[in-house]
Amino acid sequence: MPRNMPHPATLAAQALGWTDATTGAVVMPLHTATTFERDADNQYRRGRVYGRADNPSYDQPEALITALEGGAASLLFSSGMAAATAVFLSLPLGAHVIAPRIMYWALRRWIMMQAERGVLTADFVDATSLDAIRAAVQPGRTQLIWLETPANPTWSISDIAGAAQLARQAGAILAVDSTTATPVLTQPLALGADIVMHSATKYLNGHSDVIAGSLTGARRDALWERLVATRGGNGATLGSLEAYLLLRGMRTLYPRVERACRSAQRIAEALAGHAHVEAVLYPGLPDHPGHAIAAQQMTGGFGGMLSVRVKGGEAAAIAAAARVELWKRATSLGGVESLMEHRASVEGPGTPVPADLLRLSVGIEDPDDLIADIEAALTR
Ligand SMILES: *Cc1c(COP(=O)(O)O)cnc(C)c1O
């Protein structure tokens, strides 16, 4: 790489290298103002009016996410859900959307609720199959194809480039929830997506202490302007302190994700042959149904998330989770500490998640400790 085009890991470590023009500080000041002064001639030449839509503390984290995703612009939101729902709420009323059957459960539930209210119509399809997506397209009506890859909690893989082609043919947009992949491993925009969404609560922040979300657009087009208006209008804005913490977290995104990937691969391989394990779901294992596409579309690793189906069903899975000492029994993912959860208990009745499934978020601890702890817990 030429010196004027640093690698993404360098951009992240230096948060684009911004320094404060007045003081030379290598960390930008935290802006807490909710309002901004007008010029004497009644204009707002400095571009900011009111804190619900305008916040200088967003500039650097948004610019960094834009650079890492290779987009045109980014927006921070008060949560991943606020970011994701903004995409659906920016579609024309009654729009038809295609979403995966296996996806982040709270968003699936929200889409179903909006469909019941007539805000949109939705088809949930097997998003690992381009044929299934193609069959669901309603020419002239489908406005959005939503993907999540790798998808919660089976880590099934969708072909982003293939879906982008289908979206283009249908005149629809393709939005990708890339929370699990992170910009370290996948660049959905380069593969043809129009919008990338992150629950920045997870890997981008990485320390389990901020709820935040982001959208990155391939273009600053009419859709993007609707998204900007939706964020301001719905008031789904992030606090300044959270924006600051998120930027600090993103500075270590690359080493955190790289280590989590290496450890997850080792843990998946170690557990694959374990006597009390029915199956290990991890796209880095050659027998995972999405392995071939993941190997093409992900670079540098297969992510820090895996799931284990425990022999003996639901009771055995919950009992194994009860016996871990290092892993924390908690929902969420992408933090420096490793988490384990019995996923079906979180999603409740009607979930498509197998009852024997434990979801593992691999942190940055020593992988030998993590393997020893989970092997002991599985062995009884
Ligand atoms: C957590 C998560 C969300 C929701 O994000 P919040 O920040 O919790 O609102 C959406 N998608 C995926 C894949 C997630 O893991």
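Throughout, numbering of the chain's residues begins at 1 and tracks the sequence. Just so you know, ligand 1 is whichever comes first in the structure, and atom 1 is the first atom listed for that ligand. Values in this document were obtained by computation on a predicted structure and should not be read as measured data.
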Exercise: do D123 and H96 side chains pair donor with acceptor under 3.5 Å: yes

Under 4.0 Å from ligand 1 - residues by heavy atom, chain and number: S79, G80, M81, Y104, E148, N152, D177, T179, M197, S199, T201, K202, A212, L333

Salt bridge flag under 4.0 Å for residues K328 and E337: no

Under the side chain to side chain contact (heavy atoms under 4.5 Å, CB included) test, residues paired with T128 that sit two or more places apart: D126, S156

Set of side-chain hydrogen bond (donor to acceptor under 3.5 Å, both in side chains) partners for Q187, sequence neighbours left out: none

Inter- and intrachain pairs under salt bridge (charged side-chain N to carboxylate O under 4.0 Å, His left out), touching residues 255-269, at least two apart: R266-D368

Main-chain N/O of G232 paired to R52 side chain as donor or acceptor, under 3.5 Å: yes

